[in-house]
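One structure is given below, encoded as C-alpha cells.
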2 protein chains.
Amino acid sequence: MDSAVARERALDAAEELFYGRGVRSVGMDDVRGSSGVSLKRLYQLFPAKEQLVEAYLERRDARWRGQLAEYVERYGEPRERILAVFDWLGRWFGEPDFRGCAWINAYGELGATSPRVAGQVRAHKRAFRDYLTSLVEAAGLPGPLAGQLFLLAEGAMVTAGVTRSAEPAAEAREAARLLLEVA
Amino acid sequence: MDSAVARERALDAAEELFYGRGVRSVGMDDVRGSSGVSLKRLYQLFPAKEQLVEAYLERRDARWRGQLAEYVERYGEPRERILAVFDWLGRWFGEPDFRGCAWINAYGELGATSPRVAGQVRAHKRAFRDYLTSLVEAAGLPGPLAGQLFLLAEGAMVTAGVTRSAEPAAEAREAARLLLEVA
DNA sequence: TTGACGCGAGAACGAGCGTTCTCCTACCGT
DNA sequence: ACGGTAGGAGAACGCTCGTTCTCGCGTCAA
C-alpha cells in the first residue's frame with residue numbers, strides 16, 4: 001500500500017473515531033483496526049498520537065472552511081451570503097453523525113494539556129471569524145457586526161452539539177437577520 | 001475530621017483541579033494530595049471517580065446559577081436585568097482562573113463516553129436557558145428572543161474560554177442590546 | 001539464488017491511574 | 001487499662017494504552 005494512501009486511510013479512521021468518541025478514549029490500536037494500517041506504519045507516518053490528532057484537526061479545518069465557503073459562494077447578494085452561513089450550519093447540524101464542533105470538543109478535552117491543540121483551535125476559530133469579517137465588509141456593514149455573528153454561530157454549534165438538534169441554526173439565523181436589519 | 005467537612009474539601013479540590021486541568025488528566029491521588037482527604041475517605045464519600053465528577057458539576061451548577069441570579073436581581077428594570085446577565089458573564093470571564101464553561105468543557109471531554117455527565121450538561125444548559133426565558137417574559141418581550149440571547153451567551157462563553165479574553169461578553173451584550181431594541 | 005529490506009501481526013514493555021488492601025496508629029467506651 | 005474500631009499512609013493490583021520490539025514472510029536487485 002502506498003504511503004500516501006495509508007496516510008489518508010489512517011486520517012479517515014482517526015477522524016471518524018476522534019470526532020465520534022473523543023480523542024482520549026480512542027487508542028492507536030483502534031485506529032489501526034479501523035483503518036487497516038499497521039501500527040508500524042502508523043508510527044512511521046505520525047511519530048506520536050498527538051501528531052495524528054494535529055493532522056486530523058488540520059485536515060478537517062481545511063475541509064470545513066472549504067465547504068462553508070463553497071456553499072456561501074453560491075449566493076450573490078452580500079447579505080444573503082451572510083445568512084447562508086447559518087443555513088450551512090443547519091445542514092451540518094442535521095448530519096446523522098454530527099457531534100458538535102470538533103474544535104470546541106477538542107479544546108474541552110485537550111486544551112488544558114496540549115498547547116499545540118489549543119493553538120490549532122484558536123487558529124481555526126480566528127480563521128472562521130476572519131471569514132465572517134470579510135463577508136460583513138463585502139456587504140458594507142459595520143465591522144463589529146462580524147463579532148456578533150461569530151458569537152451566534154459559536155453558540156449555535158455548542159447548543160446543537162449538546163442538545164443534538166439542528167434548531168439552533170435557525171434561531172441564530174433569525175438573530176443574525178435582525179442584526180443585519182438594524183445595522 | 002467531620003464527614004461533611006471532608007466532603008466539602010474533596011469537592012473544593014476536585015473542582016479546582018477538574019476545572020483547571022480537565023477531568024481525565026486529574027487522578028484521584030491528585031485530589032487526595034490537594035484536599036488532604038485520604039483515598040479511603042474519598043471512596044467512602046464517592047464510590048467512584050464518576051460520582052465525584054457528578055458532584056462537582058452539580059455543586060458548581062447550583063453556585064453558578066445562584067450567583068448569576070443574585071447579580072441580576074440587583075437590577076430592577078426588566079431590560080436592564082437581561083443585559084446584566086452579560087455584565088455578569090464579563091466579570092466571570094475576567095477572573096484569573098477562568099478556563100471557559102465547565103459544562104461545555106466537560107461535554108467535550110466526557111459527553112461521548114458518560115451519559116450521566118452529558119445529561120448534567122444538558123440539564124444545566126436547559127436551566128440557564130429557562131432562566132433567560134423567565135427574564136424575557138418578565139420584560140414582556142417575545143419568547144424567541146430568549147433562545148437568541150442564549151446563543152449569544154453560549155458563544156461568548158466558548159470564545160472567552162478559547163481566546164482567554166473577557167471581550168466576548170461586551171460583544172454579546174451589544175448584540176443583545178440591539179436585539180432588545182428591535183424586539 | 002541469495003541476501004538485504006520492508007512490512008504486517010501481534011507480543012512486549014512501561015507508565016498512569018482507578019480501586020482495593022495492608023498495616024499501623026489513635027481514640028473510644030467500659 | 002484494653003479490646004475494638006475508624007482512619008491515614010501508602011503499597012499493591014489490574015487494566016488501559018502509547019510506544020517499541022520480535023519474528024516471519026514476501027520482494028527485488030545483483
Side-chain angles (χ1 to χ4, degrees), chain A residues 1-57 105-106 108-117 120, chain B residues 1-57 105-106 108-117 120:
Chain A
M1 191 195 306
D2 191 329
S3 233
V5 174
R7 191 187 157 87
E8 285 309 297
R9 289 204 190 162
L11 282 172
D12 288 344
E15 177 160 8
E16 185 174 333
L17 293 168
F18 288 160
Y19 179 66
R21 314 200 325 234
V23 172
R24 291 183 93 138
S25 66
V26 170
M28 293 297 275
D29 209 58
D30 297 322
V31 176
R32 186 200 52 162
S34 207
S35 67
V37 176
S38 73
L39 278 180
K40 189 178 248 180
R41 203 85 110 106
L42 273 181
Y43 277 92
Q44 279 170 6
L45 295 163
F46 309 97
K49 187 184 181 184
E50 178 159 20
Q51 315 203 27
L52 178 58
V53 175
E54 288 170 29
Y56 143 61
L57 289 175
N105 291 343
E109 200 178 351
L110 307 167
T113 51
S114 166
R116 296 180 65 91
V117 168
Q120 273 183 291
Chain B
M1 192 197 303
D2 191 329
S3 234
V5 175
R7 191 186 157 85
E8 285 309 297
R9 289 203 190 163
L11 282 172
D12 288 344
E15 178 161 8
E16 185 173 334
L17 292 169
F18 288 160
Y19 179 65
R21 313 201 324 234
V23 171
R24 292 181 93 137
S25 65
V26 170
M28 292 298 274
D29 208 58
D30 296 323
V31 176
R32 186 201 51 163
S34 206
S35 66
V37 177
S38 72
L39 277 181
K40 189 178 250 180
R41 204 82 111 99
L42 273 181
Y43 276 92
Q44 280 169 5
L45 295 162
F46 309 96
K49 187 186 181 183
E50 178 159 19
Q51 315 204 25
L52 177 59
V53 175
E54 288 171 28
Y56 142 61
L57 289 175
N105 291 344
E109 201 178 348
L110 307 168
T113 52
S114 167
R116 297 181 64 90
V117 167
Q120 274 184 289

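In this text, all values refer to a predicted model and were calculated from it rather than measured experimentally.
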Within residues 37-52 of chain A, find the residues that approach DNA chain C with a heavy atom at under 4.0 Å, and present them sorted by residue number.
-> A:S38, A:K40, A:R41, A:Q44
Near DNA chain C, which residues from residues 11-26 of chain A have a heavy atom under 4.0 Å away?
-> none
Where does the chain B footprint on DNA chain D start and end, counting 5' to 3' with a 4.0 Å heavy-atom cut-off?
-> D:dG7 to D:dG10
Identify the heavy atoms of [X] and [Y] that sit nearest to each other, and give their distance.
| X | Y | answer |
| --- | --- | --- |
| B:R32 | B:L39 | CD-N, 3.7 Å |
| B:A10 | B:V37 | N-CG2, 4.2 Å |
| A:G20 | B:A112 | O-CB, 3.7 Å |
| B:T113 | B:R24 | OG1-NH1, 4.1 Å |
| A:A55 | A:L11 | CB-CD2, 3.7 Å |
| B:Q51 | B:F46 | O-CD2, 4.0 Å |

Check for a donor-acceptor pair, side chain of A:S34 on one end and backbone N or O of A:D30 on the other, with a separation under 3.5 Å.
-> no
Backbone N or O of B:G22 within a donor-acceptor pair of the B:E109 side chain at under 3.5 Å?
-> no
Expressed in angstrom and rounded to an integer, what is the separation of A:D2 atom CG from C:dC7 atom P?
-> 11 Å
A:R32 CZ to C:dA9 C1': how many Å, rounded?
-> 7 Å
Do you see a donor-acceptor pair shorter than 3.5 Å between the side chains of B:E50 and B:S114?
-> yes
Side chain to side chain contact (heavy atoms under 4.5 Å, CB included) between B:F18 and B:L57, intermediate numbers included = CA-CA 10 Å; B:F18 288 160; B:L57 289 175; over 6 Å; no
